Protein chains: 2
Amino acid sequence: MSGRTVTITEVARHAGVAVSTVSYVLSGKRTISAGTRRRVLDSIDALGYHPHAGARALASKRANVIALVLPLRAGMHVPVLMRFASAVVTAARRYDHDVLLLTADEGTDGIRRVAASALVDAFVLMDVELDDNRVPLLRELAEPSVLIGFPAEPAGLTCVDLDFAAAGGQCVAHLAERGHSRIALLGAPAVVYERGTGFARRTREGFVAAVAAHRVAGVALPCEETFDEVYATLARLLRDQPDLSGLVVHNEAAVGHVLSALRQLGRRVPADVAVVAICPDDVAERASPALTSVLIPAEEVGREAVRLLMEKLDGRTVPDATLLAPHLALRAST
Amino acid sequence: MSGRTVTITEVARHAGVAVSTVSYVLSGKRTISAGTRRRVLDSIDALGYHPHAGARALASKRANVIALVLPLRAGMHVPVLMRFASAVVTAARRYDHDVLLLTADEGTDGIRRVAASALVDAFVLMDVELDDNRVPLLRELAEPSVLIGFPAEPAGLTCVDLDFAAAGGQCVAHLAERGHSRIALLGAPAVVYERGTGFARRTREGFVAAVAAHRVAGVALPCEETFDEVYATLARLLRDQPDLSGLVVHNEAAVGHVLSALRQLGRRVPADVAVVAICPDDVAERASPALTSVLIPAEEVGREAVRLLMEKLDGRTVPDATLLAPHLALRAST
DNA sequence: GGGGAGTGTCGAAGCGCTTCGATGACCGGC
DNA sequence: GCCGGTCATCGAAGCGCTTCGACACTCCCC
C-alpha cells in the first residue's frame with residue numbers, strides 16, 4: 001500500500017495494455033472500449049496507483065495547482081480570510097486542483113517565481129487593495145488570475161466580491177423601514193480607509209447613497225478596535241445626536257465592544273438603538289443580543305472565484321466583475 | 001521577461017557549457033570553478049531562468065513542497081491558526097520550499113493522495129487532537145511529518161507546541177505571588193475538552209497542579225463563547241465564591257465577554273479581580289484594560305516545526321517532543 | 001618523469017507521464 | 001470481395017531536469 005511508488009508502466013503491464021492506453025483511460029481524451037477501461041481501472045486500484053504530479057506537469061504543461069495569495073496585514077479580518085481560503089481549497093479540489101499558499105512576505109517575487117517555475121497554473125488573489133502592486137504584475141503574466149476584491153482600475157481583470165455598496169444600502173433600507181430616521185455607520189479603522197481598501201469605502205458609499213435615497217439623517221465614521229475608542233466614539237455620537245436610533249457596524253473586531261459600550265451608556269438594543277452588522281454569521285450569532293446582519297458570503301465568493309478561474313484555464317472568457325448579492329439575516333438586534 | 005519559458009538547455013548554450021554543469025552550479029553538488037560559475041549565473045539572470053518545478057521533482061524525487069494540513073473546526077481559534085500558517089510559509093521559504101494547503105474536507109484521503117502523487121515531500125499537521133485519525137496514517141507514510149500539538153500517543157512522532165501545562169502553571173504562580181488565594185480558570189467550551197484537544201486539557205492540568213503547589217484555592221471551568229453564557233458562568237462563580245480575586249482565561253473568543261461581564265457585575269479589573277489570559281498578544285493588547293497574558297508564540301512554533309521537518313528531510317534524527325517555554329507579559333489587568 | 005590523486009566538465013541515461021501518428025480490425029455499401 | 005471510414009489500441013518521441021560514470025587536466029610526491 002504505502003510501499004514503493006507505483007508507476008503507469010506497472011499499471012499497464014498489470015492490465016495487459018500499453019502505457020498510452022492507461023493515460024487515455026485517465027484523461028478521457030480518446031475513446032476506450034468499456035472492457036479495457038474496466039480492466040485498467042481495476043488494475044489502478046488493485047495496485048493503488050496515483051499519477052506522479054511532477055511527471056504529469058512536465059509532460060502536460062499543467063501542474064493542476066493554483067496559488068492562493070493572501071497578504072496578512074494589520075486591520076484585516078483574519079477569520080474571514082480563513083474562510084475564503086478554506087472555500088477556495090474545497091472548490092479547487094472539485095476541479096481536481098490543489099492549492100499552494102503564498103503570503104505577502106515574498107511580495108511580487110513569489111508570484112513571479114511560482115509562475116515561472118510552472119509550480120502553479122493560475123492565481124487567486126485575496127484582500128486586494130485599491131492600489132495594489134500585485135495587479136500590474138498579474139496583467140503581464142500569462143497565467144490567468146481572479147481577484148477577490150476590486151482594485152481601483154479593474155479593467156481587464158476578473159474580480160469577485162460581495163456587493164458591499166448594496167450591503168451598506170440594504171442596512172440603511174432595513175433601518176429606514178423600521179422607522180429609524182437618524183442613523184450612523186461605524187466602519188473600519190481610519191487606517192483602512194486611508195490604505196484605500198475597497199470594501200470599506202464601497203460600503204460607506206452605499207450607506208451614504210442609501211441615506212440620501214431614503215431621506216434619513218446619517219453619518220459615517222471610522223471606528224478603531226479597542227473598547228475605549230469604541231466607547232468614546234459612541235458616547236460622543238449619542239451626546240451630539242440624542243435621537244440617534246440606528247447603527248450599522250461594519251467592523252467585525254468592534255461589534256462586541258459596540259454592544260458592551262451601548263450597555264454601559266445605558267442604551268438597550270434594540271429598544272433604544274437598533275444595530276445591524278456586516279460580518280460573518282458566527283460573529284453575529286454569538287453576540288448578545290444576536291445581531292441582525294449582512295453576512296459576508298465567504299464560501300460563495302471562494303467557490304465563484306475558483307469557478308471563474310477554471311473557466312479561464314479552459315480558455316473561455318468570463319465577465320470582468322462579479323458582484324454577489326448581499327443577504328440580510330434578521331435577528332434580535334433590530 | 002514573461003515570454004516563453006526558458007530551459008536549462010538555453011542557459012547552457014548561452015553560457016557555453018554543458019547542461020549538467022548548469023545543474024551542478026545550481027545544486028552545488030559538485031565543485032565548479034569560480035569562472036564557470038560566474039558565467040552560468042550571469043546567463044541565468046540574463047535569460048531570467050527559473051527551473052521547472054515538475055521536471056525537477058521528476059528527476060530528483062523531491063518536490064520541494066511541504067503540505068500544511070489544517071482542519072477548520074468549530075471551537076478552534078482561527079486567527080491563531082492563521083498566524084501559524086503564515087509562520088510556516090515564511091519558514092519554509094527560507095529552506096527553499098513552498099507550502100501546499102490541505103484542509104479537513106478531504107480527510108485522510110487528501111494526505112494519502114498528495115503523498116502518493118509526490119506532490120509534497122513532508123507534512124506539517126496543525127490542530128492535532130488527542131485522538132486524531134490522521135496520526136496512524138502519518139505513521140505508515142514514508143514522508144516525514146511534524147505535528148503542532150500533541151496526540152494522546154505521541155511515541156515515534158515529532159511534536160511541537162507551547163508548553164501549555166507550564167503556561168497554566170505560570171498564570172497561577174503569577175496570581176499567587178500577587179497574593180490572590182482564590183482563583184479560577186475559564187477554559188475552552190466543554191465540547192473542546194470532550195473532543196480531547198490536547199492544549200485545553202494540558203493547560204487545565206498545569207493549572208490544577210500549580211494550584212496545589214501554591215496552596216491556593218482554585219477551580220477550573222469550561223467556558224462557552226457567547227456573552228450570555230460567560231456572564232452566567234461568572235455570576236455563578238462570584239456568587240458562590242465572593243472572595244474570588246483571580247481569573248485565568250484560556251479562551252480567546254471569550255476574553256472580551258469576560259471583561260464586559262465583570263464590568264456589568266460591578267467588579268473592577270484589576271482592583272477587584274485580577275485577570276490573566278492565555279492568548280495572542282494582539283488580543284491581550286486590544287482588550288480594555290490590556291491583559292496580562294501568556295502569549296501563544298505562533299511564529300516561533302511554526303518556525304520550529306519547519307526547522308525540525310527539514311532536519312528530518314535531510315535524514316537527521318530529531319527529538320520527539322519540543323515544548324516551547326511560555327512567556328508572561330505584564331499588562332494592566334493584574 | 002611516471003603514477004596516483006584530485007579537479008572541473010561533459011555526455012547520456014533515465015525520471016513518469018502525455019500526445020501524436022500509425023496500425024489493425026471491423027463495418028457497411030457497391 | 002474490395003474500398004473508405006470509424007474505432008480501439010500501440011509505440012515512440014519528447015517534456016526539462018538530475019545524476020552517474022567517464023574523461024582530460026593539473027599537481028605533487030617519490
Side-chain angles (χ1 to χ4, degrees), chain A residues 3-41 43-44 47-65 96 113-121, chain B residues 3-41 43-44 47-65 96 113-121:
Chain A
R4 220 194 64 286
T5 162
V6 182
T7 72
I8 198 173
T9 311
E10 302 171 46
V11 174
R13 186 171 329 135
H14 187 274
V17 300
V19 163
S20 51
T21 303
V22 176
S23 178
Y24 287 124
V25 166
L26 253 20
S27 70
K29 294 194 179 175
R30 286 201 181 170
T31 51
I32 296 287
S33 68
T36 306
R37 161 177 288 108
R38 254 280 50 86
R39 250 177 322 127
V40 169
L41 292 176
S43 297
I44 283 177
L47 301 179
Y49 168 70
H50 288 263
H52 187 289
R56 184 174 263 200
L58 180 57
S60 70
K61 313 198 156 309
R62 276 295 201 89
N64 273 31
V65 175
D96 199 31
R113 180 177 57 80
V114 298
S117 66
L119 238 186
V120 308
D121 304 319
Chain B
R4 218 194 65 284
T5 161
V6 182
T7 72
I8 197 172
T9 311
E10 303 171 44
V11 174
R13 188 171 328 134
H14 187 275
V17 300
V19 165
S20 50
T21 303
V22 177
S23 178
Y24 286 124
V25 166
L26 253 20
S27 69
K29 294 194 179 176
R30 285 203 183 172
T31 50
I32 296 286
S33 67
T36 306
R37 160 179 288 108
R38 253 281 48 87
R39 250 177 322 127
V40 169
L41 292 176
S43 298
I44 284 178
L47 301 178
Y49 168 69
H50 287 264
H52 187 290
R56 184 173 263 201
L58 180 56
S60 71
K61 312 197 156 314
R62 276 296 200 89
N64 273 31
V65 175
D96 199 31
R113 180 176 58 80
V114 299
S117 66
L119 237 186
V120 308
D121 304 319

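Below, chain A is the first sequence line, B the second, and so on; all start at residue 1. Here the structure is a predicted model, which is why all the values come from computation and not from measurement.
Remark on DNA chain C: of its neighbouring residues B:Ile32 and A:His50, the 5'-side contact belongs to B:Ile32, judged by nearest-heavy-atom nucleotide.
The main-chain N or O of B:Ala15 is found under 3.5 Å from a side-chain atom of B:Arg39 such that the two form a donor-acceptor pair. Panel note: side chain A:Asn64, backbone A:Asp96; a donor-acceptor pair is recorded below 3.5 Å. No donor-acceptor distance shorter than 3.5 angstrom exists from the side chain of B:Asp121 to the backbone of B:Arg62, with no hydrogens or angles considered.
For the pair B:Ile44 CD1 and D:dG16 P, the computed distance is 16 Å after rounding to whole Å. To the nearest angstrom, C1' of C:dC20 lies 7 Å from OH of A:Tyr24. With rounding to whole Å, A:Arg30 atom CZ is found 13 Å from C:dT18 atom P. Remark: P of C:dG16 and CG of A:Asn64 are 19 Å apart, rounded to the nearest angstrom. In this entry the distance linking CD1 of A:Ile8 with P of C:dG16 reads 11 Å, nearest Å. Atom-to-atom, CZ of B:Arg39 to C1' of C:dG8 comes out at 12 Å; the value is rounded to the nearest Å. Between the CG atom of A:Leu58 and the P atom of C:dG14 there is a distance of 17 Å, rounded to whole Å. A:Arg62 has its CZ atom 19 Å from the P atom of C:dC17, to the nearest Å.
For A:Thr21, counting side-chain heavy atoms from C-beta on, the closest listed nucleotide (D:dC10, C:dG11, D:dC17) is D:dC10. Of the candidates C:dT18, D:dC10, C:dG16, D:dC10 carries the atom nearest the A:Val17 side chain, counting heavy atoms from C-beta on. When each of D:dC17, D:dT9, C:dG16 is scored by its nearest atom to the side-chain atoms of A:Ala59, the top-ranked nucleotide is C:dG16.
Between C:dT7 and B:Thr31, no contact under 4.0 Å exists linking OP1 or OP2 to a side-chain N or O. Put simply, A:Ser23 has a side-chain N or O that comes within less than 4.0 Å of OP1 or OP2 on C:dT18. Contact check, A:Thr5 against C:dG16: no side-chain N or O comes under 4.0 Å of OP1 or OP2. Between B:Lys29 and D:dT18, a side-chain N or O to OP1/OP2 separation shorter than 4.0 Å is absent. Remark: B:Ser27 is not in phosphate contact with D:dT18, judged by side-chain N or O atoms under 4.0 Å from OP1 or OP2. Neither OP1 nor OP2 of C:dG8 sits under 4.0 Å from any side-chain N or O of B:Ser33.
We find the CG-CD distance between A:Leu47 and A:Glu10 to be 7.0 Å, quoted to the nearest 0.5 Å. To the nearest 0.5 Å, atoms CG (B:Leu26) and CD1 (B:Ile8) are separated by 6.5 Å.
In the interface, the side chain of A:Ser20 is paired with the base of D:dG11 through a donor and an acceptor atom under 3.5 Å apart.
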